[in-house]
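Working notes for the structure below.
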2 protein chains.
Amino acid sequence: MAEWCNTEVVLSVVGGKWKLLIIRYLLLGTHRFGALRQAMPTVTQRMLTRQLRELEEDGLVSRKVYAEVPPKVEYTLTEVGESLRDIIGQLDTWGSWYRELRTPPARDDEQSTSDS
Amino acid sequence: MAEWCNTEVVLSVVGGKWKLLIIRYLLLGTHRFGALRQAMPTVTQRMLTRQLRELEEDGLVSRKVYAEVPPKVEYTLTEVGESLRDIIGQLDTWGSWYRELRTPPARDDEQSTSDS
DNA sequence: CAGTATCCCCCTTGATACTG
DNA sequence: CAGTATCAAGGGGGATACTG
């Protein structure tokens with residue numbers, strides 16, 4: 001990516017396939033690795049770990065390991081991560097607006113398709 | 001990408017390697033293909049064409065072909081594309097803030113390194 | 001429970017050459 | 001000028017198995 005462009009910096013940091021989902025979930029509060037997995041049922045262990053590590057390197061997420069058996073690891077947004085809250089809110093708003101815009105609108109003379 | 005998530009929709013539309021640059025340039029006004037190339041010296045013809053086509057399919061950019069020889073094609077943001085202006089502004093602001101944050105700050109007792 | 005270690009796929013991007 | 005066509009490379013992502 002063209003990271004000399006400020007705009008691209010954001011993508012370079014949240015652009016991974018699962019990162020926005022992770023951040024959105026962590027915006028709700030601290031969570032354990034397993035909780036993240038359950039929140040994103042289709043992500044593999046490997047990918048979740050990788051994406052979390054990258055978010056950590058980029059300073060968006062902090063990782064807290066408890067010296068217990070079995071292991072317990074908690075992930076929390078840093079202040080930098082938290083600072084994305086507003087932007088993510090905007091993305092969400094635009095995204096739903098755009099999705100609706102691009103969804104073929106139901107015509108008036110058309111029955112509801114909610115039963116399909 | 002997980003496009004069932006509104007947030008991801010934005011990335012799916014703007015996530016191409018050159019798309020944000022293109023949009024930013026078109027936010028300045030309508031431009032010809034050649035002007036876009038010059039504005040982004042490292043993009044190949046092929047990639048510029050492809051990214052523009054995708055933006056067009058996604059309804060962010062409109063393409064106007066003039067029936068002239070030599071050919072003349074102008075690209076303009078649609079209203080949908082324009083609607084990203086604020087968000088891109090936010091990304092830009094966050095990006096420059098983040099970049100500065102992550103740049104090793106010069107220490108007080110340190111000489112300027114601008115001569116290196 | 002929360003990871004690594006391997007192996008592999010394919011999709012995006014790129015280089016280069018050609019054309020209406 | 002504004003594209004296609006073709007071929008090649010790279011890396012992000014995935015499947016599966018193993019471990020402290």
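Just so it is clear: chains get the letters A, B, ... in the order the sequence lines come, proteins before strands, and each one is counted from 1.
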Check your understanding: Taking CZ from Arg63(B) and P from dC1(D), how many angstroms apart are they, rounded to a whole number?
Key -> 16 Å
Review point. Given the rule in the side chain to side chain contact (heavy atoms under 4.5 Å, CB included) test, do Trp97(B) and Ser83(A) qualify, once you have shown the distances and angles that lead to the verdict?
Key: CA-CA 11 Å; Trp97(B) 171 78; Ser83(A) 74; 3.5 Å; yes
Exercise for review: Calculate the interatomic distance between Arg46(A) atom CZ and dT6(C) atom P; express it in whole Å.
Suggested key: 12 Å
Study note, to complete from the structure: From CZ of Arg32(B) across to C1' of dA2(D) the rounded distance in Å is 9 Å
Exercise for review: Identify which nucleotide among dG3(D), dT13(C), dG14(D) has an atom closest to any side-chain atom of Phe33(B), counting heavy atoms from C-beta outward.
Suggested key: dG3(D)
Check your understanding: Is it true that atom CD of Glu68(A) has more than 12 heavy atoms of other residues, nucleotides or ligands lying nearer than 6.0 Å?
Key -> yes
Review point. Roughly, in whole Å, what's the span from CD in Glu56(B) to C1' in dG3(D)?
Key: 13 Å
Check your understanding: Roughly how many Å is it from CG in Leu36(A) to P in dC1(C), rounded to a whole number?
Key -> 14 Å
Check your understanding: Between dA2(C), dA2(D), dG14(D), which one does the side chain of Gln45(A) approach most closely?
Key -> dA2(C)
Review point. Any side-chain N or O of Tyr75(B) under 4.0 Å from OP1/OP2 of dC1(D)?
Key: no
Exercise for review: Name the pairing partner of dG12(D), where a pair is Watson-Crick or G-U wobble with both distances under 3.5 Å, or state none.
Suggested key: dC9(C)
Practice item. Would you indicate what Gln51(A) reaches in the nucleic acid, counting non-hydrogen atoms under 4.0 angstrom: base, sugar-phosphate, or nothing? Key: sugar-phosphate
**Study point:** First of Val43(A) and Pro71(A) reached from the 5' end of DNA chain D, by closest nucleotide
**Key:** Val43(A)
Exercise for review: Write down the distance between CZ (Arg50(B)) and P (dT12(C)), rounded to a whole number of angstrom.
Suggested key: 7 Å
Point to revise | N/O donor-acceptor pair under 3.5 Å between Thr78(A) side chain and Gly59(A) backbone | key: yes
Practice item. Round to a whole Å and report the spacing from NZ of Lys19(B) to C1' of dT12(C). Key: 11 Å
Check your understanding: In whole angstrom, what separates Arg37(B)'s CZ from dG3(D)'s P?
Key -> 11 Å
**Study point:** From CA spacing to verdict: side chain to side chain contact (heavy atoms under 4.5 Å, CB included), Arg53(B), Arg63(B)
**Key:** CA-CA 9 Å; Arg53(B) 290 291 181 284; Arg63(B) 179 167 175 267; 3.2 Å; yes
Review point. In the structure shown, which nucleotide is the Watson-Crick or G-U wobble counterpart of dT19(D), with both distances under 3.5 Å?
Key: dA2(C)
Exercise for review: Please state whether the rings of Tyr75(A) and Phe33(A) are parallel, tilted or perpendicular, taking 30° and 60° as the class boundaries.
Suggested key: tilted
